[in-house]
Amino acid sequence: MSKGLPARQDMEKERETLQAWKERVGQELDRVVAFWMEHSHDQEHGGFFTCLGREGRVYDDLKYVWLQGRQVWMYCRLYRTFERFRHAQLLDAAKAGGEFLLRYARVAPPGKKCAFVLTRDGRPVKVQRTIFSECFYTMAMNELWRATGEVRYQTEAVEMMDQIVHWVQEDASGLGRPQLQGAPAAEPMAVPMMLLNLVEQLGEADEELAGKYAELGDWCARRILQHVQRDGQAVLENVSEGGHTLEAGWFLLRHCIRKGDPELRAHVVDKFLLLPFHSGWDPDHGGLFYFQDADNFCPTQLEWAMKLWWPHSEAMIAFLMGYSDSGDPVLLRLFYQVAEYTFRQFRDPEYGEWFGYLSREGKVALSIKGGPFKGCFHVPRCLAMCEEMLGALLSRPAPAPTPACRGAE
(Lines give C-alpha, C1' and ligand atoms only; values in the text may rest on other atoms or scores of the structure.)
Protein backbone atom coordinates (compact mmCIF):
# COMPACT_ATOMS: atom_id res chain seq x y z
CA MET A 1 0.00 0.00 0.00
CA SER A 2 1.25 3.47 -0.82
CA LYS A 3 2.37 5.69 2.03
CA GLY A 4 0.07 8.35 0.62
CA LEU A 5 -3.08 6.34 1.16
CA PRO A 6 -3.14 6.38 4.99
CA ALA A 7 -2.51 10.12 4.92
CA ARG A 8 -5.42 10.57 2.55
CA GLN A 9 -7.62 8.45 4.78
CA ASP A 10 -6.63 10.62 7.74
CA MET A 11 -7.66 13.72 5.81
CA GLU A 12 -11.01 12.16 4.91
CA LYS A 13 -11.57 11.23 8.54
CA GLU A 14 -10.73 14.78 9.58
CA ARG A 15 -13.25 16.17 7.11
CA GLU A 16 -15.88 13.82 8.52
CA THR A 17 -15.14 15.14 12.00
CA LEU A 18 -15.37 18.75 10.80
CA GLN A 19 -18.66 17.97 9.06
CA ALA A 20 -20.08 16.35 12.20
CA TRP A 21 -19.13 19.40 14.26
CA LYS A 22 -20.63 21.75 11.68
CA GLU A 23 -23.96 19.92 11.89
CA ARG A 24 -23.81 19.78 15.68
CA VAL A 25 -23.02 23.47 15.98
CA GLY A 26 -25.70 24.45 13.46
CA GLN A 27 -28.40 22.46 15.23
CA GLU A 28 -27.42 24.00 18.54
CA LEU A 29 -27.53 27.51 17.06
CA ASP A 30 -31.10 26.86 15.90
CA ARG A 31 -32.12 25.72 19.39
CA VAL A 32 -30.47 28.69 21.11
CA VAL A 33 -32.04 31.28 18.80
CA ALA A 34 -35.44 29.61 19.18
CA PHE A 35 -35.15 29.96 22.97
CA TRP A 36 -34.61 33.72 22.80
CA MET A 37 -37.24 34.26 20.13
CA GLU A 38 -39.83 32.39 22.18
CA HIS A 39 -39.13 33.87 25.60
CA SER A 40 -37.34 37.22 25.40
CA HIS A 41 -39.40 39.53 23.16
CA ASP A 42 -41.33 42.30 24.89
CA GLN A 43 -44.28 42.78 22.58
CA GLU A 44 -45.64 45.70 24.59
CA HIS A 45 -42.67 48.04 25.01
CA GLY A 46 -40.12 46.68 22.54
CA GLY A 47 -36.69 45.42 23.44
CA PHE A 48 -35.90 42.18 25.19
CA PHE A 49 -36.21 40.44 28.52
CA THR A 50 -32.87 38.91 29.46
CA CYS A 51 -33.48 37.78 33.04
CA LEU A 52 -34.83 34.35 32.15
CA GLY A 53 -35.03 31.21 34.25
CA ARG A 54 -34.17 27.74 33.05
CA GLU A 55 -37.46 27.26 31.20
CA GLY A 56 -37.45 30.82 29.83
CA ARG A 57 -39.75 32.42 32.37
CA VAL A 58 -39.04 36.11 33.09
CA TYR A 59 -37.93 36.61 36.70
CA ASP A 60 -37.00 40.32 36.38
CA ASP A 61 -38.16 42.77 33.70
CA LEU A 62 -35.26 45.25 34.03
CA LYS A 63 -33.54 45.89 30.71
CA TYR A 64 -29.75 46.10 30.54
CA VAL A 65 -28.69 48.35 27.70
CA TRP A 66 -25.57 46.43 26.75
CA LEU A 67 -27.64 43.22 26.47
CA GLN A 68 -30.31 45.02 24.43
CA GLY A 69 -27.60 46.16 22.02
CA ARG A 70 -26.05 42.71 21.89
CA GLN A 71 -29.34 41.04 21.00
CA VAL A 72 -30.11 43.60 18.28
CA TRP A 73 -26.62 43.02 16.86
CA MET A 74 -26.99 39.24 17.05
CA TYR A 75 -30.37 39.15 15.34
CA CYS A 76 -29.21 41.44 12.53
CA ARG A 77 -26.00 39.49 12.02
CA LEU A 78 -27.92 36.21 11.80
CA TYR A 79 -30.45 37.79 9.45
CA ARG A 80 -27.71 39.03 7.13
CA THR A 81 -25.40 36.02 7.07
CA PHE A 82 -27.60 32.90 7.33
CA GLU A 83 -30.30 32.15 4.79
CA ARG A 84 -32.37 30.18 7.29
CA PHE A 85 -32.58 33.19 9.63
CA ARG A 86 -33.61 35.63 6.91
CA HIS A 87 -37.21 36.06 7.97
CA ALA A 88 -39.32 39.04 8.98
CA GLN A 89 -39.91 37.96 12.59
CA LEU A 90 -36.21 38.15 13.42
CA LEU A 91 -35.63 41.48 11.71
CA ASP A 92 -38.81 43.02 13.14
CA ALA A 93 -37.68 42.06 16.66
CA ALA A 94 -34.24 43.58 16.02
CA LYS A 95 -35.84 46.81 14.78
CA ALA A 96 -38.13 46.95 17.81
CA GLY A 97 -35.07 46.54 20.03
CA GLY A 98 -33.20 49.21 18.11
CA GLU A 99 -36.05 51.67 18.35
CA PHE A 100 -36.31 51.02 22.09
CA LEU A 101 -32.61 51.90 22.40
CA LEU A 102 -33.02 55.04 20.28
CA ARG A 103 -35.89 56.25 22.45
CA TYR A 104 -34.47 55.50 25.89
CA ALA A 105 -30.79 54.49 26.03
CA ARG A 106 -28.96 57.83 25.87
CA VAL A 107 -29.67 59.56 29.16
CA ALA A 108 -26.67 61.23 30.86
CA PRO A 109 -25.73 63.87 30.00
CA PRO A 110 -28.71 64.24 27.67
CA GLY A 111 -27.98 62.55 24.36
CA LYS A 112 -24.52 61.21 25.19
CA LYS A 113 -24.00 58.62 27.94
CA CYS A 114 -26.12 55.47 27.80
CA ALA A 115 -27.87 54.04 30.82
CA PHE A 116 -26.71 50.68 32.11
CA VAL A 117 -30.18 49.61 33.27
CA LEU A 118 -33.65 50.71 32.25
CA THR A 119 -37.08 49.78 33.52
CA ARG A 120 -39.25 47.69 31.25
CA ASP A 121 -40.82 50.83 29.80
CA GLY A 122 -37.51 52.66 29.36
CA ARG A 123 -37.00 54.79 32.47
CA PRO A 124 -33.32 55.02 33.55
CA VAL A 125 -32.30 53.12 36.67
CA LYS A 126 -28.50 53.20 36.68
CA VAL A 127 -25.60 54.67 34.69
CA GLN A 128 -22.14 53.10 34.79
CA ARG A 129 -18.87 54.97 34.43
CA THR A 130 -17.63 52.71 31.63
CA ILE A 131 -18.01 52.64 27.84
CA PHE A 132 -19.52 49.18 27.37
CA SER A 133 -23.20 50.11 27.08
CA GLU A 134 -22.15 52.65 24.44
CA CYS A 135 -20.01 50.10 22.59
CA PHE A 136 -22.85 47.64 22.19
CA TYR A 137 -25.24 50.46 21.32
CA THR A 138 -22.84 51.31 18.47
CA MET A 139 -22.64 47.71 17.29
CA ALA A 140 -26.43 47.42 17.32
CA MET A 141 -26.97 50.56 15.27
CA ASN A 142 -24.34 49.63 12.70
CA GLU A 143 -25.81 46.16 12.20
CA LEU A 144 -29.33 47.61 11.93
CA TRP A 145 -28.08 49.85 9.15
CA ARG A 146 -26.52 46.89 7.37
CA ALA A 147 -29.67 44.79 7.73
CA THR A 148 -32.22 47.49 6.84
CA GLY A 149 -30.34 50.05 4.77
CA GLU A 150 -31.74 52.87 6.95
CA VAL A 151 -29.02 55.53 7.13
CA ARG A 152 -30.24 57.00 10.42
CA TYR A 153 -28.96 53.92 12.24
CA GLN A 154 -25.48 54.31 10.75
CA THR A 155 -25.46 58.02 11.58
CA GLU A 156 -26.21 57.10 15.19
CA ALA A 157 -23.46 54.45 15.22
CA VAL A 158 -20.75 56.77 13.91
CA GLU A 159 -21.76 59.59 16.25
CA MET A 160 -21.53 57.27 19.27
CA MET A 161 -18.27 55.75 18.04
CA ASP A 162 -16.65 59.17 17.86
CA GLN A 163 -17.91 59.96 21.36
CA ILE A 164 -16.38 56.72 22.68
CA VAL A 165 -13.03 57.48 21.04
CA HIS A 166 -13.11 60.97 22.61
CA TRP A 167 -13.69 59.46 26.07
CA VAL A 168 -10.94 56.87 25.67
CA GLN A 169 -8.22 58.88 23.94
CA GLU A 170 -8.88 62.51 24.86
CA ASP A 171 -11.09 63.25 27.85
CA ALA A 172 -12.65 60.65 30.15
CA SER A 173 -14.32 63.20 32.40
CA GLY A 174 -17.61 62.70 30.58
CA LEU A 175 -17.79 59.19 31.98
CA GLY A 176 -18.18 60.63 35.47
CA ARG A 177 -15.18 58.78 36.85
CA PRO A 178 -13.14 60.92 39.27
CA GLN A 179 -9.35 60.89 39.04
CA LEU A 180 -8.25 59.93 42.54
CA GLN A 181 -4.66 60.49 43.68
CA GLY A 182 -4.15 56.99 45.01
CA ALA A 183 -5.53 55.18 41.99
CA PRO A 184 -2.82 53.31 40.05
CA ALA A 185 -2.28 54.22 36.43
CA ALA A 186 -3.69 51.16 34.75
CA GLU A 187 -5.77 50.24 31.73
CA PRO A 188 -8.07 47.25 31.59
CA MET A 189 -7.49 45.15 28.48
CA ALA A 190 -11.24 45.13 27.84
CA VAL A 191 -11.20 48.79 26.71
CA PRO A 192 -8.82 48.57 23.70
CA MET A 193 -10.24 45.10 22.99
CA MET A 194 -13.76 46.49 22.62
CA LEU A 195 -12.53 49.43 20.55
CA LEU A 196 -10.70 47.06 18.21
CA ASN A 197 -13.93 45.12 17.79
CA LEU A 198 -15.77 48.33 16.94
CA VAL A 199 -13.11 49.31 14.41
CA GLU A 200 -13.70 46.05 12.57
CA GLN A 201 -17.48 46.28 12.94
CA LEU A 202 -17.74 49.76 11.45
CA GLY A 203 -15.10 49.26 8.79
CA GLU A 204 -16.33 45.88 7.56
CA ALA A 205 -18.87 47.33 5.12
CA ASP A 206 -17.61 50.90 4.74
CA GLU A 207 -14.22 51.59 3.17
CA GLU A 208 -14.30 55.23 4.22
CA LEU A 209 -14.81 54.32 7.87
CA ALA A 210 -12.20 51.56 7.59
CA GLY A 211 -9.70 54.21 6.57
CA LYS A 212 -10.90 56.65 9.21
CA TYR A 213 -10.40 54.15 12.03
CA ALA A 214 -7.34 52.27 10.69
CA GLU A 215 -4.91 54.15 12.93
CA LEU A 216 -7.22 53.58 15.90
CA GLY A 217 -7.16 49.84 15.18
CA ASP A 218 -3.35 49.83 15.27
CA TRP A 219 -3.42 51.84 18.51
CA CYS A 220 -5.78 49.29 20.07
CA ALA A 221 -3.61 46.39 18.99
CA ARG A 222 -0.53 48.00 20.52
CA ARG A 223 -2.36 48.62 23.80
CA ILE A 224 -3.57 45.03 23.98
CA LEU A 225 -0.09 43.67 23.22
CA GLN A 226 1.31 45.70 26.13
CA HIS A 227 -0.59 43.36 28.46
CA VAL A 228 1.92 40.60 27.66
CA GLN A 229 4.18 40.83 30.72
CA ARG A 230 6.59 38.78 32.88
CA ASP A 231 9.01 38.15 30.01
CA GLY A 232 6.17 36.91 27.87
CA GLN A 233 4.95 34.38 30.42
CA ALA A 234 1.69 36.07 31.42
CA VAL A 235 -1.03 38.23 29.93
CA LEU A 236 -2.24 40.67 32.58
CA GLU A 237 -5.31 42.86 32.92
CA ASN A 238 -6.78 44.83 35.82
CA VAL A 239 -9.13 41.95 36.51
CA SER A 240 -7.38 38.84 35.29
CA GLU A 241 -10.12 36.92 33.59
CA GLY A 242 -8.79 34.22 31.26
CA GLY A 243 -11.75 34.60 28.96
CA HIS A 244 -10.82 38.18 28.08
CA THR A 245 -7.38 37.01 27.00
CA LEU A 246 -8.81 34.45 24.60
CA GLU A 247 -11.43 36.91 23.34
CA ALA A 248 -8.76 39.56 22.82
CA GLY A 249 -6.79 36.84 21.05
CA TRP A 250 -9.29 36.30 18.29
CA PHE A 251 -9.92 40.05 17.96
CA LEU A 252 -6.16 40.45 17.43
CA LEU A 253 -6.07 37.46 15.10
CA ARG A 254 -8.62 39.07 12.80
CA HIS A 255 -6.67 42.33 12.99
CA CYS A 256 -3.37 40.77 11.93
CA ILE A 257 -5.04 38.59 9.26
CA ARG A 258 -6.59 41.74 7.82
CA LYS A 259 -3.20 43.48 7.89
CA GLY A 260 -1.35 40.46 6.50
CA ASP A 261 1.14 40.23 9.37
CA PRO A 262 2.20 36.59 9.90
CA GLU A 263 4.78 37.49 12.56
CA LEU A 264 2.18 39.24 14.70
CA ARG A 265 -0.23 36.37 14.08
CA ALA A 266 2.26 33.84 15.45
CA HIS A 267 2.84 36.05 18.51
CA VAL A 268 -0.89 36.35 19.14
CA VAL A 269 -1.44 32.60 18.87
CA ASP A 270 1.39 31.92 21.30
CA LYS A 271 0.60 34.58 23.92
CA PHE A 272 -3.18 35.08 23.69
CA LEU A 273 -4.34 31.56 22.81
CA LEU A 274 -1.87 28.89 23.87
CA LEU A 275 -0.41 30.57 26.97
CA PRO A 276 -3.75 31.37 28.68
CA PHE A 277 -5.19 28.00 27.73
CA HIS A 278 -2.35 25.98 29.22
CA SER A 279 -2.34 28.06 32.39
CA GLY A 280 -6.12 28.28 32.68
CA TRP A 281 -7.32 24.76 31.85
CA ASP A 282 -8.40 22.79 34.92
CA PRO A 283 -6.34 19.55 34.86
CA ASP A 284 -8.62 17.80 37.33
CA HIS A 285 -12.13 18.58 36.12
CA GLY A 286 -11.67 20.15 32.70
CA GLY A 287 -12.86 23.58 31.64
CA LEU A 288 -11.32 27.01 32.04
CA PHE A 289 -10.91 28.68 35.42
CA TYR A 290 -12.58 32.08 35.61
CA PHE A 291 -9.82 33.89 37.54
CA GLN A 292 -6.13 33.16 38.02
CA ASP A 293 -3.39 35.00 39.84
CA ALA A 294 -0.22 35.68 37.85
CA ASP A 295 1.93 34.98 40.93
CA ASN A 296 0.12 31.73 41.77
CA PHE A 297 -1.49 33.15 44.88
CA CYS A 298 -5.04 32.13 45.68
CA PRO A 299 -7.38 34.57 43.88
CA THR A 300 -9.59 36.63 46.17
CA GLN A 301 -12.64 36.35 43.92
CA LEU A 302 -15.04 33.76 45.33
CA GLU A 303 -15.91 32.52 41.85
CA TRP A 304 -12.31 32.07 40.73
CA ALA A 305 -12.59 28.33 40.15
CA MET A 306 -16.03 28.42 38.55
CA LYS A 307 -16.56 27.61 34.90
CA LEU A 308 -18.48 30.32 33.00
CA TRP A 309 -20.11 30.13 29.59
CA TRP A 310 -18.42 33.06 27.90
CA PRO A 311 -14.69 32.23 28.24
CA HIS A 312 -15.47 28.79 26.80
CA SER A 313 -17.42 30.35 23.92
CA GLU A 314 -14.53 32.70 23.18
CA ALA A 315 -12.01 29.86 23.35
CA MET A 316 -13.95 27.86 20.76
CA ILE A 317 -13.89 30.84 18.40
CA ALA A 318 -10.23 31.59 19.04
CA PHE A 319 -8.88 28.09 18.43
CA LEU A 320 -11.00 27.44 15.35
CA MET A 321 -10.05 30.82 13.90
CA GLY A 322 -6.39 30.14 14.61
CA TYR A 323 -6.61 26.77 12.89
CA SER A 324 -8.55 28.18 9.93
CA ASP A 325 -5.80 30.70 9.32
CA SER A 326 -2.71 28.63 10.09
CA GLY A 327 -3.68 24.99 9.57
CA ASP A 328 -1.90 24.11 12.82
CA PRO A 329 -3.43 20.80 14.00
CA VAL A 330 -2.63 21.69 17.64
CA LEU A 331 -5.18 24.50 17.48
CA LEU A 332 -7.80 22.21 15.98
CA ARG A 333 -7.28 19.66 18.76
CA LEU A 334 -7.74 22.42 21.34
CA PHE A 335 -10.95 23.50 19.63
CA TYR A 336 -12.25 19.94 19.90
CA GLN A 337 -11.18 19.73 23.54
CA VAL A 338 -12.92 22.96 24.55
CA ALA A 339 -15.99 22.30 22.40
CA GLU A 340 -16.52 18.80 23.80
CA TYR A 341 -16.36 20.10 27.36
CA THR A 342 -18.59 23.07 26.57
CA PHE A 343 -21.31 21.09 24.82
CA ARG A 344 -21.26 18.40 27.49
CA GLN A 345 -21.39 20.72 30.50
CA PHE A 346 -23.14 23.96 29.53
CA ARG A 347 -25.93 23.10 27.09
CA ASP A 348 -29.38 22.27 28.39
CA PRO A 349 -30.85 19.48 26.25
CA GLU A 350 -34.24 19.77 27.94
CA TYR A 351 -35.15 23.46 27.69
CA GLY A 352 -32.56 24.86 25.29
CA GLU A 353 -29.84 27.51 25.59
CA TRP A 354 -26.86 27.08 27.91
CA PHE A 355 -26.37 27.35 31.62
CA GLY A 356 -23.96 30.14 32.38
CA TYR A 357 -22.44 29.29 35.73
CA LEU A 358 -20.94 25.95 36.75
CA SER A 359 -18.99 24.82 39.78
CA ARG A 360 -15.39 23.78 39.36
CA GLU A 361 -16.59 20.19 39.05
CA GLY A 362 -18.92 21.14 36.20
CA LYS A 363 -22.21 21.03 38.10
CA VAL A 364 -24.83 23.69 37.40
CA ALA A 365 -24.46 26.41 40.05
CA LEU A 366 -27.14 28.79 38.71
CA SER A 367 -30.05 27.44 36.69
CA ILE A 368 -30.87 30.78 35.04
CA LYS A 369 -30.38 31.17 31.30
CA GLY A 370 -30.01 34.94 31.35
CA GLY A 371 -29.44 37.85 33.71
CA PRO A 372 -27.60 41.21 33.94
CA PHE A 373 -24.52 39.75 32.19
CA LYS A 374 -25.75 36.81 30.12
CA GLY A 375 -28.06 37.44 27.20
CA CYS A 376 -28.48 36.54 23.55
CA PHE A 377 -24.87 37.09 22.54
CA HIS A 378 -21.86 34.98 23.52
CA VAL A 379 -23.47 31.59 22.87
CA PRO A 380 -25.15 32.35 19.53
CA ARG A 381 -22.17 34.42 18.35
CA CYS A 382 -19.86 31.53 19.12
CA LEU A 383 -22.09 29.01 17.37
CA ALA A 384 -22.67 31.24 14.34
CA MET A 385 -18.97 32.03 13.89
CA CYS A 386 -17.96 28.41 14.36
CA GLU A 387 -20.56 27.22 11.86
CA GLU A 388 -19.26 29.72 9.32
CA MET A 389 -15.63 28.78 9.90
CA LEU A 390 -16.36 25.04 9.75
CA GLY A 391 -18.29 25.57 6.54
CA ALA A 392 -15.38 27.53 5.05
CA LEU A 393 -12.93 24.79 6.03
CA LEU A 394 -15.11 22.13 4.42
CA SER A 395 -15.49 24.18 1.25
CA ARG A 396 -11.76 24.21 0.68
CA PRO A 397 -10.76 21.68 -1.97
CA ALA A 398 -9.18 18.53 -0.58
CA PRO A 399 -5.50 18.08 -1.52
CA ALA A 400 -5.11 16.07 -4.69
CA PRO A 401 -3.73 12.55 -4.22
CA THR A 402 -0.03 12.10 -4.89
CA PRO A 403 1.01 10.11 -7.98
CA ALA A 404 1.87 7.20 -5.68
CA CYS A 405 -1.69 7.27 -4.37
CA ARG A 406 -3.09 7.14 -7.87
CA GLY A 407 -0.93 4.16 -8.65
CA ALA A 408 -2.09 2.34 -5.56
CA GLU A 409 -5.72 2.94 -6.55
Is the count of non-hydrogen atoms from other residues, nucleotides or ligands lying under 6.0 Å from [X] atom [atom1] greater than 12?
{"X": "Glu170", "atom1": "CD", "answer": "yes"}
{"X": "Arg152", "atom1": "CZ", "answer": "yes"}
{"X": "Arg57", "atom1": "CZ", "answer": "no"}

- Run the side chain to side chain contact (heavy atoms under 4.5 Å, CB included) check on Leu209 and Val158 step by step: do they pass? CA-CA 9 Å; Leu209 287 182; Val158 174; 3.8 Å; yes
- Message: Can you tell me how the ring of Trp309 sits relative to the ring of His378, calling it parallel under 30°, perpendicular over 60° and tilted otherwise?
- Response: perpendicular
How far does [atom1] of [X] sit from [atom2] of [Y], to the nearest 0.5 angstrom?
{"X": "Leu393", "Y": "Gln19", "atom1": "CG", "atom2": "CD", "result": "11.5 Å"}
{"X": "Arg86", "Y": "Leu78", "atom1": "CZ", "atom2": "CG", "result": "11.0 Å"}
{"X": "His267", "Y": "Leu273", "atom1": "NE2", "atom2": "CG", "result": "12.0 Å"}
{"X": "Leu320", "Y": "Leu390", "atom1": "CG", "atom2": "CG", "result": "5.0 Å"}
{"X": "Arg258", "Y": "Leu253", "atom1": "CZ", "atom2": "CG", "result": "11.5 Å"}
{"X": "Glu340", "Y": "Gln345", "atom1": "CD", "atom2": "CD", "result": "11.0 Å"}

- Counting only N and O atoms by type, is there a donor-acceptor contact under 3.5 Å from the side chain of Ser279 to the main-chain atoms of Pro276? yes
Ignoring hydrogens and angles, state whether a donor on the side chain of [X] or [Y] is under 3.5 Å from an acceptor on the partner side chain.
{"X": "Trp354", "Y": "Glu28", "result": "yes"}
{"X": "Asp162", "Y": "Tyr213", "result": "yes"}
{"X": "Gln128", "Y": "Ser133", "result": "no"}

- Using a strict cut-off of less than 4.0 Å between a Lys/Arg side-chain nitrogen and an Asp/Glu carboxylate oxygen, indicate whether Arg31 and Glu353 qualify as a salt bridge. no
- Query: Got a salt bridge between Asp30 and Arg84, using NZ or NE/NH1/NH2 to carboxylate O under 4.0 Å?
  - Reply: yes
Side-chain donor-acceptor pairs under 3.5 Å in residues 328-339, sequence neighbours left out?
from	atom 1	to	atom 2	distance (Å)
Asp328	OD1	Val330	N	3.0
Tyr336	OH	Glu14	OE2	2.6

Is the cationic atom of [X] (NZ for Lys, CZ for Arg) positioned less than 6.0 Å from the six-membered ring centroid of [Y] and within 45 degrees of its normal?
{"X": "Lys369", "Y": "Tyr351", "answer": "no"}
{"X": "Arg24", "Y": "Trp21", "answer": "yes"}
{"X": "Lys63", "Y": "Phe48", "answer": "no"}
{"X": "Lys307", "Y": "Tyr290", "answer": "no"}

Which atom of [X] lies closest to which atom of [Y], heavy atoms considered:
{"X": "His41", "Y": "Phe49", "result": "O-CE1, 4.0 Å"}
{"X": "Ala105", "Y": "Val65", "result": "CB-CG1, 4.2 Å"}
{"X": "Val25", "Y": "Cys386", "result": "CG1-CB, 4.2 Å"}
{"X": "Trp145", "Y": "Val151", "result": "CD1-CA, 3.9 Å"}
{"X": "Arg129", "Y": "Gly176", "result": "CD-O, 2.8 Å"}
{"X": "Ala205", "Y": "Arg146", "result": "CB-NE, 3.5 Å"}

- Starting from the C-alpha separation in whole Å, work towards a yes-or-no answer on ring pair (Phe, Tyr, Trp, His ring centres under 6.0 Å) for His39 and Phe35. CA-CA 6 Å; His39 301 296; Phe35 179 92; 4.9 Å; yes
- Would Gln68 and Tyr64 count as a side-chain hydrogen bond (donor to acceptor under 3.5 Å, both in side chains) if you check the C-alpha gap in whole Å, the side-chain angles of each, and the deciding distance to 0.1 Å? CA-CA 6 Å; Gln68 301 293 309; Tyr64 296 84; over 6 Å; no
- Query: Would Phe85 and Tyr75 count as a ring pair (Phe, Tyr, Trp, His ring centres under 6.0 Å) if you check the C-alpha gap in whole Å, the side-chain angles of each, and the deciding distance to 0.1 Å?
  - Reply: CA-CA 9 Å; Phe85 292 118; Tyr75 276 11; 9.1 Å; no
- Task: Take Val364 and Leu358 through the test side chain to side chain contact (heavy atoms under 4.5 Å, CB included) and record every step on the way to the result.
- Result: CA-CA 5 Å; Val364 176; Leu358 310 180; 4.1 Å; yes
Quick one: does [X]'s side chain get under 4.5 Å of [Y]'s, heavy atoms only?
{"X": "Pro349", "Y": "Arg347", "answer": "yes"}
{"X": "Cys114", "Y": "Met160", "answer": "yes"}
{"X": "Arg77", "Y": "Phe82", "answer": "no"}
{"X": "Arg54", "Y": "Glu350", "answer": "yes"}
{"X": "Pro188", "Y": "Val191", "answer": "yes"}
{"X": "Ile164", "Y": "Thr138", "answer": "yes"}

- Message: Apply side chain to side chain contact (heavy atoms under 4.5 Å, CB included) to residues Phe373 and Tyr357 and explain how you reach the verdict.
- Response: CA-CA 11 Å; Phe373 303 97; Tyr357 303 87; 4.2 Å; yes
- Between Phe136 and Trp73, is a ring pair (Phe, Tyr, Trp, His ring centres under 6.0 Å) present by the stated rule, with each step listed? CA-CA 8 Å; Phe136 289 106; Trp73 179 90; 8.7 Å; no
- Message: I want to know whether Phe100 and His45 have ring centres closer than 6.0 Å.
- Response: no
- Using the salt bridge (Lys or Arg N to Asp or Glu O under 4.0 Å) rule, pick out the option among Glu388, Glu143, Glu247 that qualifies with Arg381. Glu247
- Phe319/Trp250 under ring pair (Phe, Tyr, Trp, His ring centres under 6.0 Å): CA gap, chis, key distance, verdict: CA-CA 8 Å; Phe319 289 126; Trp250 70 259; over 10 Å; no
- Message: Please evaluate residues Trp66 and Glu134 with respect to the criterion side-chain hydrogen bond (donor to acceptor under 3.5 Å, both in side chains), reporting the C-alpha separation (whole Å), side-chain torsions for both, the decisive distance (0.1 Å), and the verdict.
- Response: CA-CA 7 Å; Trp66 66 339; Glu134 291 76 16; over 6 Å; no
- Query: Stepwise, does the side-chain hydrogen bond (donor to acceptor under 3.5 Å, both in side chains) test hold for Tyr153 with Glu99?
  - Reply: CA-CA 10 Å; Tyr153 293 130; Glu99 293 301 321; 2.6 Å; yes
- Task: Starting from the C-alpha separation in whole Å, work towards a yes-or-no answer on side chain to side chain contact (heavy atoms under 4.5 Å, CB included) for Met316 and Tyr341.
- Result: CA-CA 10 Å; Met316 285 176 59; Tyr341 176 89; over 6 Å; no
- How far apart are the C-alpha atoms of Glu159 and Gln163, what are their side-chain angles, what is the distance that settles it, and do they pass the side-chain hydrogen bond (donor to acceptor under 3.5 Å, both in side chains) test? CA-CA 6 Å; Glu159 181 181 309; Gln163 179 63 67; over 6 Å; no
- Carefully, step by step, assess Arg103 and Glu156 under the rule salt bridge (charged side-chain N to carboxylate O under 4.0 Å, His left out). CA-CA 12 Å; Arg103 285 195 301 272; Glu156 193 75 15; over 6 Å; no
